[in-house]
Participant: 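Right, I'll just put the structure down here and ask away after.
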Amino acid sequence: MTAKGQNMARYKPGQSEAKWQAAWAKAEVFKARRDAAKPKYYVLEMFPYPSGRIHMGHVRNYTMGDVVARYKIAQGFSVLHPMGWDAFGMPAENAAMERGGHPKTWTYGNIADMKAQMQPLGLSIDWSREFATCDPEYYGQQQAMFLDMLAAGLVYRKAAVVNWDPVDMTVLANEQVIDGRGWRSNAPVERRELTQWFFKISDYSEELLAALDGLKDWPEKVRVMQANWIGQSRGLQFAFETVGAPEGFGQLEVYTTRPDTLMGASFAAISPDHPLARALEARDPAVAAFVAECRRGGTSAAEIETAEKRGLETGIRVRHPLDPAWELPVYIANFILMDYGTGAIFGCPAHDARDFEFATKYGLPINAVFVPEGAVDAPLPEAYVPLKSERVHYVRGFAGEAVQTGEAGVASAIAQCEERGIGRGVTNYRLRDWGISRQRYWGCPIPVVHCPACGVVPERKENLPVRLPDDVSFDVPGNPLDRHPTWRDCACPKCGGAARRESDTMDTFVDSSWYYARFTAPHAATPTDLAEADYWMNVDQYIGGIEHAILHLLYSRFFARAMHKTGHLPAKAIEPFNALFTQGMVTHEIYKRRQKVELTAYTGGGDMVEFTSRPEYFLPEEVERRDGGVYVKDTDEPVSVIPSAKMSKSKKNVVDPVNIIRAFGADTARWFILSDSPPERDVEWTASGAEAAYKFLNRVWLIAERVAESAPGDSAGDEALARAVHRAIADVTASIENFAFNKAIAKIYELTNTLSRATASRAAMTFALRTMAQLMSPMVPHLAEEIWAAMGGAGLVVTAPWPKADPALLEQDSVTLPIQINGKRRAEITVPKDMPTAEVEKLVLEDETVAKALAGQAPKKLIVVPGRIVNVVL
RNA sequence: GCCCAAGUGGCGAAAUGGUAGACGCAGGGGACUCAAAAUCCCCCGCCGCGAGGCGUGUCGGUUCGAGUCCGACCUUGGGCACCA
């Protein structure tokens, strides 16, 4: 190690980062190995969709995973940290439609581009395990599991509604429906029924709900969201006797979670998709017209629930179960969902906001069943919907006490009804079965065949994968598989006769519901290799966006159970993610200028010039900050600044990681993205923050350079320095364990400040810097290697054992206690750490400020919290 | 419409119910320099000359003590089953 001065003249991230990446690759430090002698650790970031460009959100996600992976490597774990591509999906087909080309070419091209953009980040990924979900090797195994699940009774077909574009004659995704119209055709969208494939996730409703309690290392909010999504409810299911209904509809089954409000019923309502509505539709043109009207618009819940509540009186009536002489009208209503309960309800307007709106509109009676405790029965200005745990006074109750909670009222009502033979108490779930059929090309083909003789027949496993044909075109809307001249034709696996392939492909959520398991044996000839899965599962730490809190994570939890049932995962893996962390977005300011646009309007009295304004956006590099304002560089026009906006191309506030890495190096990007905000919150990317990160890394580098060239020095400050180093080890370790990377970085800043001021021996400084290199290594691995090497560290810092804090050096002898008087800080005293409370009290009362405030009186109360604070209450 | 979360200086933030603002950015002052860049040092919540007062989205509550706990509200963000 001669010529240190030359080597260390300046920190050059470009050279240094490539050098260390090569060193890690050569030593194969990130290759995941089954090692019986070591504990294993599986860290996984949600794999990306290959859009073609990485963005700062990816950098943040993968850097966090990398910190965890590298920290665990240093802790002595055998680490699995893989990466792959969620490669099926609509954008590839859209690109093919817009620009021509093939989804496959586009997707694999994007994967190559994105991988090239990711590699300079220096992530600790075992790239030998990489795969894309569009690889036939992967989706073939998915098809094999589909067949096993079909055999196990976890898959079935039924009719379900889709968004139908009547002009393009195609099915639309919810995001392709804009204001009830098709995004390309602009035609009003209709709801249409198709026979589709479903996974029986509802078989697991109860279990998926109950098991949430065991997910201790998941964010509470995600568990709450999933619990609400599963939506367990206890209620009463009973049948109304109908009057004037068609043949076969003598009874109308309804489900209610509020049977205690039965006496407030003023109507019954059924979904437009209810069998009774269909029967009426066939013979009554008015019903047919209304039902057709209800089927306009998209299928999304947000759309249905925000639509105006509308109903049509059918003329049919039902008898009230508690009083057969009392008849209620039956409506068809657009806000009743066929998927939930029985698709029919009774309406109690007094205690349901939607029913209230409906009853008001159609002039139906609104009678309170209960009133607040102490209140009297009176006309209601709006629905009265207290929490079920609240005690209320039943004025039209029929079961239980007059004053009881809603919960008790419901329970008594169910018991009472069961006793009288009116229906039965049932537990219902809002969770619906998972529809996986997609009428699209770029997805995993559903491996079944439709045979005129045998019906629906599973493809034989030896014929898998059912490959997507390459010769397809996207010049006309719709699924190219459906119109492919030869692909659809095949032999029935059962009878050998002419048959047709299923042309639906699977929801891409299926692909992402088991990729974590496939990473444990990415090239196995079966979906999983049980020995590998048994060693590596579960994922110890999963990291991704909160937007996946419900669907992806719930489907994965179901799929792991289904895989276990079909023998593809061990029992311990049915909850595949031990710990979950949801990170925030990366945001950036938007620079916007209102551009005045002249409009000439003729008003009758002469031409008038009107102005309207159209926003114009500027890229970060197009503006400059000066004199407390922000201006466009070329034109000097002032722009307004919108802070913390999600990065989006149209708003021109996207920062490209590639440019940042080119300018400052990967370590700077990694350091900044971790330093500025807590990981679960959004972080705002700022140019000045990135520059500051770069400056800081250089500063550390310069300190190392200075130490390397310094004289042996005086050891007077060695102990103080050692204390600071061990304090930092303890704090940084705790912060990383708690996913508080921003705090870990703040502690490293503090240590750096101490270090740059320290007067200690070269040996002590060298130790301090070597330790700092270790502490920084998970965040800025390249610089850490550089410093580690310069300070004479053995081998690579990435594999060096994590430092341990010496408890003896963390102890403090004395402690400063703030003294509050009536809760306001007025003074402070410094006392030995272990001073008994009685002595502290004595000292406090002798304190000048306290004595003055007391003015000879004894305090009303004296609170001493040892080691923390003193409060004197006058 | 329904479910979930977040709001603290000019900005990003920190704070087992116990000194609000650690650490960083921006800003101000100084050193070095012919000068600039880079680097280093100091100051920096708001009002007030000061003593002091006020401050964690808003309003109320619990407590010796509340950013933290409870209730209501406001704003912003995520999800709502075919975006991934």
Side-chain angles (χ1 to χ4, degrees), chain A residues 46 48-49 51 86 88-91 160 162-163 171-177 196 201 219-222 224-229 231 298-307 309 335 339 353-354 430-440 507-509 511-512 545-552 554-555 582 584-585 587 625 628 643-644 646 672 675-678 680-684 686 688-689 691-693 695-696 698-699 702 740 742-743 745-750 753 756 816-820 822-828 859-863 865 867-874:
Chain A
M46 290 180 185
Y49 179 79
S51 62
D86 190 11
F88 275 135
M90 290 200 307
V162 294
N163 298 308
V171 177
L172 299 178
N174 282 338
E175 72 158 8
Q176 296 173 323
V177 178
Q196 310 208 59
I201 190 173
E220 174 70 20
K221 63 178 170 184
V222 174
V224 170
M225 280 189 262
Q226 291 211 355
N228 289 338
W229 185 260
T299 58
S300 75
E303 204 170 323
I304 291 166
E305 285 177 43
T306 51
K309 313 280 175 286
F335 60 94
D339 297 313
R354 283 180 307 187
R430 205 181 66 101
L431 181 64
R432 308 200 299 254
D433 277 334
W434 175 13
I436 60 155
S437 284
R438 298 292 181 269
Q439 294 70 41
R440 277 184 260 286
D507 179 6
T508 56
F509 273 125
D511 312 339
S512 56
I546 185 68
E547 67 273 19
H548 295 294
I550 296 174
L551 294 180
H552 163 61
L554 191 62
Y555 290 151
T582 54
M585 290 185 304
T587 64
R625 215 171 266 273
S644 308
K646 182 175 181 168
F672 175 69
S675 70
D676 228 35
S677 288
E680 66 277 13
R681 226 185 279 178
D682 291 351
V683 63
E684 174 133 342
T686 62
S688 57
E691 277 160 31
K695 282 184 194 173
F696 172 76
N698 267 292
R699 183 174 164 220
L702 289 169
N742 57 324
K743 284 188 248 170
I745 284 178
K747 298 298 176 188
I748 291 171
Y749 270 110
E750 279 181 7
N753 289 340
S756 69
T816 299
L817 299 177
I819 300 175
Q820 295 183 333
N822 286 341
K824 298 236 181 231
R825 185 186 173 282
R826 288 289 183 250
E828 62 181 35
K860 201 181 279 173
K861 216 170 188 181
L862 185 56
I863 294 149
V865 183
R868 304 295 319 201
I869 203 166
V870 179
N871 193 8
V872 183
V873 184
L874 300 183

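The chains referred to below are lettered A, B, ... by the order of the sequence lines, with proteins before strands, and numbering in each begins at 1. Keep in mind that what you see is a predicted model, and the values were worked out from it rather than measured. Heavy-atom basis, side chains included; hydrogens, waters and symmetry copies ignored.
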Participant: Is there a Watson-Crick or G-U wobble partner for rC73(B) with both distances under 3.5 Å, and which nucleotide is it?
Facilitator: rG57(B)
Participant: Write down the distance between CG (Asp676(A)) and P (rA26(B)), rounded to a whole number of angstrom.
Facilitator: 11 Å
Participant: Pick from Met585(A), Lys221(A), Glu680(A): which one makes a side chain to side chain contact (heavy atoms under 4.5 Å, CB included) with Ile546(A)?
Facilitator: Lys221(A)
Participant: Could you state the NZ-P distance from Lys743(A) to rG24(B), rounded to the nearest angstrom?
Facilitator: 17 Å
Participant: Could you pick out which residue, Leu431(A) or Pro48(A), lies toward the 5' side of RNA chain B when each is mapped onto its nearest nucleotide?
Facilitator: Leu431(A)
Participant: Rounding to a whole Å, what distance do you find between His552(A):NE2 and rA81(B):P?
Facilitator: 18 Å
Participant: Report the distance from atom CZ of Arg825(A) to atom C1' of rG55(B), rounded to the nearest whole Å.
Facilitator: 16 Å
Participant: Keeping the roles fixed (side chain from Gln176(A), backbone from Ala173(A)), state whether a donor-acceptor pair exists under 3.5 Å.
Facilitator: yes
Participant: For RNA chain B, whose closest nucleotide is more 5', that of Val222(A) or that of Asn174(A)?
Facilitator: Val222(A)
Participant: In Watson-Crick or G-U wobble terms, both distances under 3.5 Å, what is the partner of rC2(B)?
Facilitator: rG79(B)
Participant: May I ask you to say what Val171(A) touches in the nucleic acid, namely base, sugar-phosphate or nothing, with a heavy-atom cut-off under 4.0 Å?
Facilitator: base
Participant: So Trp229(A), base contact, sugar-phosphate only, or nothing? Heavy-atom distance under 4.0 Å.
Facilitator: base
Participant: Give Val224(A) one of three labels, base, sugar-phosphate or nothing, depending on what nucleic acid heavy atoms sit under 4.0 Å from its own.
Facilitator: sugar-phosphate
Participant: Within the 3.5 Å criterion, strictly below it, is a donor on Ser677(A) or Asp682(A) matched to an acceptor on the partner's side chain?
Facilitator: no
Participant: Nearest-Å distance, CG (Asn742(A)) to C1' (rA15(B))?
Facilitator: 13 Å
Participant: Nearest-Å distance, CG (Leu862(A)) to C1' (rG18(B))?
Facilitator: 14 Å
Participant: Nucleotides 68-77 of chain B: which of its N/O atoms have a protein N/O under 3.5 Å away?
Facilitator:
none

Participant: Sugar-phosphate means primed atoms, P, OP1 and OP2; the rest is base. With that split, encode nucleotides 40-46 of chain B 5' to 3' as B, S or - using protein heavy atoms under 4.0 Å.
Facilitator: SS-----
Participant: In whole Å, I'd like the distance from the CZ atom of Phe672(A) to the P atom of rG24(B).
Facilitator: 14 Å
Participant: So what does His548(A) touch, heavy atoms closer than 4.0 Å: a base, only the sugar-phosphate, or nothing?
Facilitator: base
Participant: Determine the contact category for Arg354(A): base if any of its heavy atoms lies under 4.0 Å from a base atom, sugar-phosphate if only primed atoms, P, OP1 or OP2 are that close, otherwise nothing.
Facilitator: nothing
Participant: Could you check which nucleotide pairs with rU39(B) in any of the strands shown, counting Watson-Crick or G-U wobble with both distances under 3.5 Å?
Facilitator: rA31(B)
Participant: Remember a base hit wins even if backbone is also touched, and classify Val162(A) as base, sugar-phosphate or nothing at under 4.0 Å, heavy atoms.
Facilitator: base
Participant: So which protein nitrogen or oxygen atoms get under 3.5 Å of nucleotides 60-64 of chain B's nitrogens or oxygens?
Facilitator:
residue: rC64(B); atom: O2'; partner: Asn871(A); partner atom: ND2; Å: 3.3
residue: rC64(B); atom: O2; partner: Asn871(A); partner atom: ND2; Å: 2.6

